[in-house]
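In listed order, ligands and their atoms are each counted from 1. This is a predicted model, so every value here is computed, not measured.
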Amino acid sequence: MKKCLTLIGITMMSMTMVFAQGAQETEMADDSNTLVISNVAPSGDLEIFSWWAGDEGPALAAMVADYETKNPDVNLINATVTGGSGVNAKAVLKTRMLNNDPPESFQVHAGQELIGTWVNSDRMYDLTPIFEAEGWYDVFPSDLIELIGTDDGIWSVPVCVHRSNNAWFIPENLKKWGVSVPNSMDEFFEVAEKLQAQGIVPLSMGQTWTATENWENVALATLGAQDYNSLWSGDLAWSDPKVVEVWENFGKLLNYTNKDSSSLSWQQATDMVVNGQAAFNWHGDWAAGYMMTTLNLEPETEFGWAPTPGTDGVFQFLSDSFGIPLGCKNVDAAISWVEECGSKSGQDAFNPLKGSIAARTDTDLSLYSPYSQSAASDFANDTIVGSLAHGVVANEGFMNDFSSVIEQFMSSKDANQAVAACAEIAASNDMI
Ligand code: GAL
């Protein structure tokens, strides 16, 4: 992973917490965040909490099965709240945390979603003893460890690395419609005109968080990796003409998306491509997992992929991880779960089905699809930047406010109004 990821890590540590005020309103169930690893086999109930339900469930189920063979005395309760990117789960989790009713372990994105939300409000166990005992400093990329750590500890265990700047398409359909995969935003707009003339939706889009993902793709294409990072470090002003151009390009993009986007799940947006209603879907590579694992499509022949236009050579990344909240009832079982999340067997059970690559660097790539093998190679060679929509570069407060800005922009298409609103929410969420 390249240097800019380190920069993001450093920048994020200087950002402030999101829920800290709310979190401090209740008394902590446990005021020590030091883990003691026991040698006794864990038993009893273990509740793990995530948004990997339904179509997103098989990868988690495979890792749970691997866990259960290793931990026969534990009763694992797989608590899920449906809703892509955790739109519903995060709200439920927040309520439970504030009511001192945490699960043993929960899904959280590496980066500001973890640090700015739960670590800064002193809600998590320090997992340093596990990293030391398991020798994980040698198997996880050091830049990724920086994203889940602070000067005071390491706060979660990364399971996977997902890419958010992918364009998905059906090769045969593109051929039929006489278009090829665009390499720049300008090429995309040309191709989009040709598609629209044939009654094909150029780009399928789902509900707001997927629009945010598309916005971050456009931002990366318009700004390039360096300025994209500068936006999150506060070195590029929201009012900069380049950022106005991002919003203008995004506005132009919206001319080529389906009008019912706000009512579609990410799977339904993917389905539009699979069913031949739309040419492209720009989305995280859980879409590859969905197409391979749920829809049984063959990568390369039955679906294709490319970096979103104008982002070749850059890997926009995010990582799902699991942490252990203070106050959970069964700490020993929680430890055994995060050990599973970081294990080679757990990651090689989970990731091939999920469309992601392992967070560990020593996993068996022969188990992975051609898509994931190509992602692994890009992750090793590309410039790495963090995803906004999935918690890497900005805290939860900013992300929530940014969703409102996106929604407003989708009706107003006013780029100047959007940059002014972003400058405001960046300030109010301590991002600048
Ligand atoms: C992301 C998460 C992915 C996937 C996606 C869709 O936030 O990191 O693993 O679940 O949401 O729900």
Practice item. Evaluate the criterion salt bridge (Lys or Arg N to Asp or Glu O under 4.0 Å) for residue pair Asp138 and Arg360; output intermediate values, then yes/no. Key: CA-CA 9 Å; Asp138 298 330; Arg360 292 176 69 113; over 6 Å; no

Check your understanding: Between the side chain of Asn99 and the main-chain N/O of Asp101, is any donor-acceptor distance below 3.5 Å?
Key -> no

Revision key, fill the gap. Residues Gly284 and Glu213: closest non-hydrogen pair is N-OE1, 3.0 Å

Exercise for review: Output, in order, the C-alpha distance, side-chain angles, deciding distance and verdict of side-chain hydrogen bond (donor to acceptor under 3.5 Å, both in side chains) for Asn75 and Asp45.
Suggested key: CA-CA 5 Å; Asn75 174 38; Asp45 287 349; 2.8 Å; yes

Exercise for review: For atom 4 (C) of ligand 1, grab the closest protein heavy atom and report residue, atom and distance to one decimal in Å.
Suggested key: Glu56 OE1, 3.3 Å

Practice item. Within a distance under 4.0 Å of any heavy atom of Lys354, pick out the atoms of ligand 1 and give their elements. Key: 3 (C), 4 (C), 9 (O), 10 (O)

Exercise for review: May I ask which of Ser50, Gly83, Ser85 has a heavy atom nearer to atom 11 (O) of ligand 1 than the others do?
Suggested key: Ser85

Check your understanding: Counting from 1, what ligand 1 atoms have a heavy atom of Trp266 closer than 4.0 Å?
Key -> 6 (C), 12 (O)

Study note, to complete from the structure: If you scan protein heavy atoms around atom 1 (C) of ligand 1, the nearest is His390 ND1, 3.3 Å

Check your understanding: Do Trp286 and ligand 1 have an N or O pair less than 3.5 Å apart?
Key -> no

Check your understanding: For residues Thr363 and Gln347, is any side-chain donor paired with an opposing acceptor at under 3.5 Å?
Key -> no

Exercise for review: State whether a side-chain donor-acceptor pair under 3.5 Å links Trp155 with Thr150.
Suggested key: yes

Point to revise | ligand 1 atoms in contact with Gly84 (distance to a heavy atom under 4.0 Å) | key: 12 (O)

Practice item. Might you work through the side-chain hydrogen bond (donor to acceptor under 3.5 Å, both in side chains) test for Thr311 and Asn165, ending with a clear yes or no? Key: CA-CA 7 Å; Thr311 70; Asn165 61 322; 3.0 Å; yes

Check your understanding: Atoms of ligand 1 less than 4.0 Å from His109 heavy atoms?
Key -> 1 (C), 2 (C), 7 (O), 8 (O)

Exercise for review: Check ligand 1 against Leu318 and write out every atom of the ligand that is under 4.0 Å from a heavy-atom position of the residue.
Suggested key: 8 (O)

Review point. In the protein, which heavy atom is nearest to atom 2 (C) of ligand 1, and how far is it?
Key: Asp320 OD1, 3.4 Å

Review point. Looking only at distance, does Gln107 have an N or O less than 3.5 Å from an N or O of ligand 1?
Key: no

